[in-house]
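Single-structure report; data block below.
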Amino acid sequence: MNEKKKQKEQEWREELRRDEDERLDTEVEENGDSSPAPTDHAAQCPKLLQSSDVLGAVAEMLRATGTFAGNTRIVMLLVLALYTRHLAKPVSVAVRGESSAGKSYAITRALDFASSEATYVLTSMSEKALAYSGEEFVHRMIVLYEADALANKNTAYLVRCLLSEGKIVHEYTDFDGGRRTVKLEKDGPTGLIISSAGRIDYELGTRLFSVNVDDGPAATKAILESVARAAEGKTFEPDLSEFHALDRLIGSGEHTVVVPFAGRVAAACDHSATRMRRDFQAVLGLVEAHALLHQTRRERDRDGQIVAAVDDYAAVHELVADILAYSSGQAVPAQIRETVEAVDHLQYHVGVAGEPVKLAEIAAHLGIHRTTVTRRTRGAIKLDLLQEVESQRGQPRLIKVGEPLPQDRGVLPSLDDLRLDS
């Protein structure tokens, strides 16, 4: 029995090696050389190297091809996060929203802009797969299309270790090998991109930027129009080889970035937001990644390190300022605010004043599906902005207004707050 187990394990390892060899062979066929010299990479992306807005080029490409509908911010943030893989501490992102909202599609579109070696994509994995995997995770992003893949606590723990400590150290006893102790180590740094329609492991969630897919009717209309364009043959797959070359160029060259104004940003942040203890490092990571994307337009210090500019902070602020305010509890997400205002209007200005309202009434007022309203009201109830009124069994849920809507407040300083150019 032990011999069969050893043979099976050997066959598994050989299969992993064959898969990796096939991946490398395919890349050589597609690119000619899997590891071209840095100068070759630069020759393959001249326009991007001179661009003052690489993320803008991402958005322009998405719009031009007709392959993406609605606000391109999610894809831009994901692309920037993908490029943080080159740093000592990659930035991880969770894309959240209800089923069929377009979470996976947004991730897929973002992955198109990264080189093939940048990511390790999975739909599921076993409890200790990361520890036993034949893959290397150094400067890579693990991509999981469903958070359910991390439902197992041990799996979530290994992922957290890889993100926070930058490595996995797993030890086990090999009873077939004479009861010897075997230590498996997998090194990072590694980042994570994940999508979820429900809950994410709490401790893991504190290590992620969470961005919500727009669930409004305008976004749905834009998606349907995009699908229609594809059916009519009016879309095309873009040539993103320049982005892949830029990714490889960054990986093959200097990718240490200094942020000379980091102290001023730290001093001007909202210090009452506890989450900023962890999120601040992620903000700086995104700033550094933006500087990497524009490195030919950035200064270098005496050690040859890239010096981030004010423009890098401005771009990151535009992408994540409101996300950080929401996660820190200093602002109410626009979708939640819209729902609370709708309940207030229905409760006090329609029908019998002060009477709680039904989910169906809220859905009709906002022009969205009832399941969307259910998800939004649950979020508002957690924030005490709405309350559920106890109803008789079998009767529709009733909702009423809770605490007053607070004034939104940011946690990241604006450029005016910093006076960075003074």
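Computed over heavy atoms, backbone and side chain alike; hydrogens, waters and symmetry mates excluded. In what follows, residues are counted from 1 in the order of the sequence shown. Not measured: the values here are computed from a predicted model.
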Start with the C-alpha distance between Val257 and Arg298, add both sets of side-chain angles, then the distance that settles side chain to side chain contact (heavy atoms under 4.5 Å, CB included), and finish with yes or no.
CA-CA 10 Å; Val257 181; Arg298 299 294 180 260; over 6 Å; no
Using the rule given for side chain to side chain contact (heavy atoms under 4.5 Å, CB included), can you reason through Tyr83 versus Leu292, listing the C-alpha separation, both sets of side-chain angles and the distance that settles it, and then say yes or no?
CA-CA 8 Å; Tyr83 279 84; Leu292 285 177; 6.0 Å; no
Verdict with supporting geometry, Val258 and Asp301, side chain to side chain contact (heavy atoms under 4.5 Å, CB included):
CA-CA 9 Å; Val258 292; Asp301 65 10; 4.2 Å; yes
Go through the steps for Phe113 and Leu82 under the test side chain to side chain contact (heavy atoms under 4.5 Å, CB included), then give the verdict.
CA-CA 9 Å; Phe113 290 88; Leu82 282 166; 5.9 Å; no
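More than 12 heavy atoms of other residues, nucleotides or ligands shown are found within 6.0 angstrom of CD on Glu225. With a 6.0 Å radius and a threshold of 12 heavy atoms from other residues, nucleotides or ligands, Tyr120 has its OH atom above the threshold. Annotation for Glu185: atom CD counts as buried by contact number, over 12 foreign heavy atoms lying within 6.0 Å. More than 12 heavy atoms of other residues, nucleotides or ligands sit less than 6.0 Å from atom CD of Glu388. Annotation for Lys400: atom NZ does not count as buried by contact number, only 12 or fewer foreign heavy atoms lying within 6.0 Å. Within a 6.0 Å radius of CD in Glu127, more than 12 heavy atoms belonging to other residues, nucleotides or ligands are found.
Looking at His255, its side chain does come within 3.5 Å of a backbone N or O of Ile250 through a donor-acceptor pair. For Ser195 (side chain) and Tyr145 (main-chain N/O), a donor-acceptor pair under 3.5 Å exists by modelled atom type. A donor-acceptor pair under 3.5 Å is absent between the side-chain atoms of Asp312 and the main chain of Glu288, judged by distance alone. A donor-acceptor pair is defined here as one N or O able to donate and one able to accept, closer than 3.5 Å; such a pair exists between the side chain of Thr84 and the backbone of Ala81. Judged purely by atom type and a 3.5 angstrom limit, Thr377 uses its side chain to pair as donor or acceptor with the backbone of Thr374.
For Arg297 and Asp311, the salt-bridge test fails: no basic side-chain N is under 4.0 Å from an acidic carboxylate O. Comment: Glu254 does not engage Arg300 in a salt bridge, judged by the lack of any side-chain N to carboxylate O separation of less than 4.0 angstrom.
Between the side chains of Ser241 and Asp239, at least one donor N or O sits under 3.5 Å from an acceptor N or O. Between the side chains of Asp270 and Ser272, at least one donor N or O lies within less than 3.5 Å of an accepting N or O. With 3.5 Å as the limit, one finds no donor-acceptor pair spanning the side chains of Ser210 and Tyr326.
Minimum interatomic distance between Asp247 and Ala118 (heavy atoms only, all atoms of both residues): OD2-CB, 3.7 Å. The nearest pair of heavy atoms linking Gly134 to Lys186 is C-NZ, 4.2 Å. A pairwise comparison of heavy atoms in His365 and His345 identifies CE1-CD2, 3.5 Å as the closest pair. Residue Arg248 comes nearest to Ser116 through the heavy atom pair NH2-OG, 3.6 Å, listed as atom of the first residue, atom of the second, then distance.
Classification of the Tyr132-Tyr172 ring pair by plane angle, with boundaries at 30° and 60°, yields tilted. Note on ring orientation: taking the six-membered ring where Trp is involved, the planes of His317 and Tyr313 are tilted (angle from 30° to 60°).
The shortest side-chain heavy-atom distance between Leu366 and Arg376 falls under the 4.5 Å cut-off. Between Tyr105 and Ile74, the closest side-chain pair of non-hydrogen atoms is not below 4.5 Å. Contact check for Asp112 versus Arg109: side-chain heavy atoms found under the 4.5 Å cut-off. Taking the side chain as every heavy atom from C-beta outward, Arg73 and Leu319 approach each other to under 4.5 Å. The side-chain heavy atoms of Leu80 and Leu293, taken from C-beta on, include a pair separated by under 4.5 Å. Put simply, the side chain of Leu249 reaches to within 4.5 Å of the side chain of Leu49, judged on heavy atoms. A heavy-atom distance below 4.5 Å is found between the side chains of Val79 and Leu55. Within the 4.5 Å cutoff, the side chain of Met276 has no heavy atoms near those of the His271 side chain.
Atoms CG and OG1, from Leu385 and Thr339 in turn, are 10.5 Å apart once rounded to the nearest 0.5 Å. Rounding to the nearest 0.5 angstrom, the gap separating the NE2 atom in His139 from the OG1 atom in Thr190 is 9.0 Å. Taking CD1 of Ile323 as the start and CG of Leu412 as the end, the distance is 10.5 Å to the nearest 0.5 Å. Note that NZ of Lys89 and CD of Gln281 are 5.5 Å apart. Values are rounded to the nearest 0.5 Å. Rounding to the nearest 0.5 Å gives a distance of 5.0 Å between CD1 of Ile194 and CG of Leu144. Atoms CG and OG, from Asn154 and Ser126 in turn, are 11.0 Å apart once rounded to the nearest 0.5 Å.
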